[in-house]
Amino acid sequence: MTDKPRLAVIGTGNMGGAMVGRLRSAGYPVTAWNRTGERAEQVAARTGATVAGTPREATGTSDVVLVSLSNDQADLAAHEGRDGIVAGLRRGTTVVDTSTVDPRTTLRLAEMVRGAGGVHVDCPVSGSVSSVEGGTLTALAAGDAADVDRVRPILEQMSANVFHIGPTGTGATMKVAINTLLIAINQGLSEAYVLAEAAGIDPATAYDVFLSGATGAPFLKYKRAIFEHPDDNPVAFSLDLVAKDADLVLALAERVGVPVTQAQANRAAVAAALADGYGQQDISTMAKHLRELRSRSSRG
């Protein structure tokens with residue numbers, strides 16, 4: 001027996017699957033659901049989690065439901081309908097949505113959950129799979145402060161920092177702002193790395209220099225292996241998802257009236273990589289795409 005709350009994880013992709021593993025290692029009972037059932041079965045076999053056939057089933061046996069889905073459509077679909085999260089809610093069940101979605105979608109989901117008697121915490125996370133596994137995520141929690149505090153021990157199993165950003169929707173908004181910067185860092189690193197390499201500097205030396213000074217952000221540290229060996233490391237953040245997040249940035253910027261010329265240029269660069277078939281590859285392969293563009297240019 002355990003006195004830990006029963007958890008559900010809805011969505012066992014890269015991030016959700018890592019969450020299941022981290023929470024199971026901490027002793028939490030976890031029920032997992034994924035649209036592709038085989039993926040949930042694989043995660044369960046590795047972690048000892050239980051597999052549910054629907055989001056409703058997973059929610060109905062859980063005290064706290066963590067949602068980790070790829071986009072607005074998937075998030076809405078998991079909540080809606082007779083087999084969705086909302087249908088399985090018991091009064092007081094807390095839904096912690098870690099997905100990166102439009103803040104307007106977050107408000108809609110929160111209204112659905114609260115209308116069914118549940119509690120909603122808007123809580124995107126910043127970091128990668130390795131951050132989940134190492135417990136070093138940044139959690140951007142929003143909603144009622146008391147609701148955030150109730151799930152804080154769970155979030156702290158995966159996160160080094162749990163911020164209470166403000167009311168519902170501000171967590172999702174903060175995540176869009178973070179991704180504005182993250183996409184820019186990745187594009188800048190890709191260009192600097194390939195530029196130094198093309199000009200004859202040893203790539204490993206160049207990366208050492210990038211890490212040593214003012215440019216040595218945590219992103220550079222945990223992405224080094226895949227930048228240097230792009231074909232030998234798992235995808236953490238696919239360019240398809242980068243494009244989705246870049247669109248969220250541009251949509252938010254338009255709504256609030258902020259000119260984001262760099263974000264627009266970065267979105268165009270990602271679009272070019274997608275057109276060349278890089279959608280399922282990691283964000284770091286923007287560097288690989290730059291090499292391809294340089295090669296094309298040299299061929300005339």
Inset, instruction - Applying salt bridge (charged side-chain N to carboxylate O under 4.0 Å, His left out), run through Lys244 and Asp102 and close with a yes or a no. - result: CA-CA 10 Å; Lys244 180 266 296 185; Asp102 191 300; over 6 Å; no
Legend entry - Working for side chain to side chain contact (heavy atoms under 4.5 Å, CB included), residues Tyr207 and Leu189: CA-CA 9 Å; Tyr207 215 106; Leu189 173 59; 3.6 Å; yes
Inset, instruction - Please step through side-chain hydrogen bond (donor to acceptor under 3.5 Å, both in side chains) for the pair Asp122 and Thr168, ending with a clear verdict. - result: CA-CA 6 Å; Asp122 160 26; Thr168 302; 5.9 Å; no
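Residues passing the side-chain hydrogen bond (donor to acceptor under 3.5 Å, both in side chains) test with Asp144, sequence neighbours excluded: none. For Lys288, the salt bridge (charged side-chain N to carboxylate O under 4.0 Å, His left out) partners are Asp231, not counting sequence neighbours. Partners of Asp247 under the salt bridge (charged side-chain N to carboxylate O under 4.0 Å, His left out) rule, at least two apart in sequence or in another chain, are Arg267.
The residues Asp282 and Lys223 are annotated as salt-bridged, a charged nitrogen and a carboxylate oxygen being separated by less than 4.0 angstrom. A salt bridge links Arg296 to Asp276: at least one charged side-chain nitrogen sits closer than 4.0 Å to a carboxylate oxygen. Of the charged side-chain nitrogens involved, at least one lies within less than 4.0 Å of a carboxylate oxygen, so that Asp208 and Arg224 count as a salt-bridged pair. Arg90 and Asp63 are joined by a salt bridge, as a carboxylate oxygen and a charged side-chain nitrogen come within less than 4.0 angstrom of each other. For Arg46 and Glu41, the salt-bridge test fails: no basic side-chain N is under 4.0 Å from an acidic carboxylate O.
Heavy atoms of other residues, nucleotides or ligands lying less than 6.0 angstrom from CD of Glu111 number 12 at most.
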